Amino acid sequence: SPDYCLQIITPTCNTTFSYIDTINAEIRPVLLKLMHTSFFKYFKLDLDKQCKFWNAQHFCATKNCAVETLPEEQYNWSEVHDEFRPSKLGEIKHKSASLEAPATCEDLDYSHIDEGHDCVFVDLLANPERFTGYGGAQSFDVWQAIYSENCFPNTNPMSMAAGSEPEQCVEKNLFYRLISGMHASIAVHLSNEYLDPATETFGPNLKVFMERVGKFNDRLANIYFNYALVSQAIVKLGDLVAVADYIKGETGPSKHSELLDNDSTSLPEYTEMVSQITNSLSIEPLFESHLLFDPSAVGPELKNEFRSRFRNVSAIMDCVGCDRCRMWGKLQTIGYGTALKVLFELEDPETQHLLKFRRIELVALFNTFDRLSKSVASINNFKAMYLEHLEDV
Ligand code: FAD
């Protein structure tokens with residue numbers, strides 16, 4: 001497809017497909033290396049949490065749906081100190097919170113995070129996001145619930161009632177693009193690691209990719225849109241938090257569990273990797289979040305509604321009937337939720353004094369960015385496969 005402006009919220013249109021492709025090719029190796037470190041490869045979740053919306057069954061139809069969890073003795077609950085506050089926020093003089101502002105730091109969360117003793121730890125690298133066989137009415141119902149009940153009305157071009165006007169509000173449309181981009185990114189991963197029943201191996205399947213994503217310009221564009229949004233959150237958080245110091249315990253959890261005690265990556269190595277990524281991402285502002293939820297144009301209710309709708313989407317992840325899909329769905333909704341919290345709350349004088357982040361939010365944010373980065377790399381690979389296929393016919 002021709003290179004075109006992604007219509008992302010930027011005053012000038014510097015954000016194009018090819019610009020993101022170039023940046024992504026540059027940072028992909030270092031991001032991959034970072035995701036292999038002890039800090040980023042472990043994720044905590046409750047796999048048995050009940051779906052609170054309908055009677056969903058948690059059963060895996062195939063072994064590809066299963067999640068391999070880590071033995072309990074490897075993590076130590078009593079030593080989990082996993083909260084941090086952006087240190088530089090302490091320098092800002094805060095106004096006192098208004099009545100409309102959320103009252104506690106949890107009220108600022110855009111996603112649900114599993115807590116308690118039913119949680120397990122998983123090694124993400126041992127449980128890749130790929131084709132699982134989950135589908136049919138079960139998965140359709142989950143996506144349907146997300147689009148029809150949780151996105152704002154008239155933002156989904158596919159399901160708009162005849163005669164209704166498309167939604168003009170940028171923030172409401174952003175919500176739909178975010179969900180559609182997450183859905184499309186999941187479809188890229190399952191097409192890129194699709195099961196070949198003949199050989200029982202996983203590999204790229206061009207036909208599946210074209211049917212689910214490649215033929216739809218809007219779905220492709222929404223993946224790049226999410227890339228711009230999440231990368232901007234990483235840059236913004238990096239401006240306020242010495243991420244590597246937190247990882248190595250200078251400001252964060254030094255002895256979190258055996259999982260982190262065995263971390264062989266040093267502080268200078270973490271610092272180098274994180275700054276290589278943030279330096280490349282900050283050459284051009286990819287996403288101007290300060291133009292959204294502008295108090296002179298919209299009231300505080302819109303942001304509160306946006307937050308509670310997204311939180312609901314994250315709770316729907318408990319209704320996903322395949323463990324592996326549920327795990328990656330939870331990780332990505334926490335990752336996007338953290339990105340939204342960074343972009344929309346960090347500079348809001350009404351709420352920033354309440355802000356706190358948890359270790360798991362940092363893990364989810366970077367892993368979600370890695371999912372998008374891998375999607376962009378896979379899309380380029382599929383593009384090359386498609387061109388080759390055209391030459392053959
Ligand atoms: P679906 O992907 O189920 O889509 C349903 C309908 O939504 C489509 O008919 C179309 O009208 C619309 N639609 C599709 N894509 C978009 C888009 N990007 N934007 C807007 N509208 C769209 N399966 C795996 O194999 N591995 C996984 O890791 C995995 N993770 C999942 C995580 C979650 C949270 C969920 C809900 C499902 C997951 N699935 C996974 C299942 C997968 O997403 C599909 O639902 C399944 O493969 C069936 O696909 P489908 O082609 O029938 O359409």
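Remember, it's 1-based here, ligands and their atoms both numbered in the order they're listed. Numbers for residues simply follow the sequence, beginning at 1. None of these values were measured; they are calculated from a predicted model.
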When you measure from the heavy atoms of [X] to every atom of ligand 1, does any distance fall below 4.0 Å?
X    : result
Y147 : yes
Q332 : no
Y194 : no

Salt-bridge present ([X], [Y]; N to O < 4.0 Å):
X    : Y    : value
E171 : K303 : no
K374 : E129 : no
K49  : D114 : yes
D370 : R28  : yes

Considering only the protein, which heavy-atom contact is closest to [atom], and what is its distance?
atom                    : answer
atom 24 (C) of ligand 1 : T132 OG1, 3.3 Å
atom 39 (N) of ligand 1 : Y134 CD2, 3.7 Å
atom 51 (O) of ligand 1 : R212 CZ, 3.6 Å
atom 18 (N) of ligand 1 : S180 O, 3.0 Å
atom 28 (O) of ligand 1 : R130 O, 3.6 Å

Look only at the side chain of [X] and the backbone of [Y], and say whether a donor-acceptor pair between them is shorter than 3.5 Å.
X    : Y    : result
D109 : S111 : no
D323 : L47  : no
S373 : F369 : no

Q. Between E129 and ligand 1, does any nitrogen or oxygen pair lie at a separation below 3.5 Å?
A.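 N/O-N/O distance below 3.5 Å does not exist for this pair.
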Closest to [atom] (judged by heavy-atom distance), picking from [options]:
atom                    : options          : answer
atom 42 (C) of ligand 1 : N222, V313, L190 : L190
atom 22 (C) of ligand 1 : R326, R219, K330 : R219
atom 6 (C) of ligand 1  : F131, F140, W143 : F140

Q) Quick one: does ligand 1 sit under 4.0 Å from the side chain of M317, the backbone, both or neither, non-hydrogen atoms only? A)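 Near ligand 1, M317 shows its side chain, while the N, CA, C and O stay back.
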**Q.** Residues H183, Y147; criterion side-chain contact (heavy atoms from CB on, under 4.5 Å); working and verdict
**A.** CA-CA 11 Å; H183 189 172; Y147 287 112; 2.8 Å; yes
Q: Tell me if the SG of C65 lies under 2.5 Å from the SG of C322.
A: no
Q | Heavy-atom protein neighbour under 4.0 angstrom from atom 30 (N) of ligand 1 | A |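 Within 4.0 Å of atom 30 (N) of ligand 1, protein heavy atoms are found.
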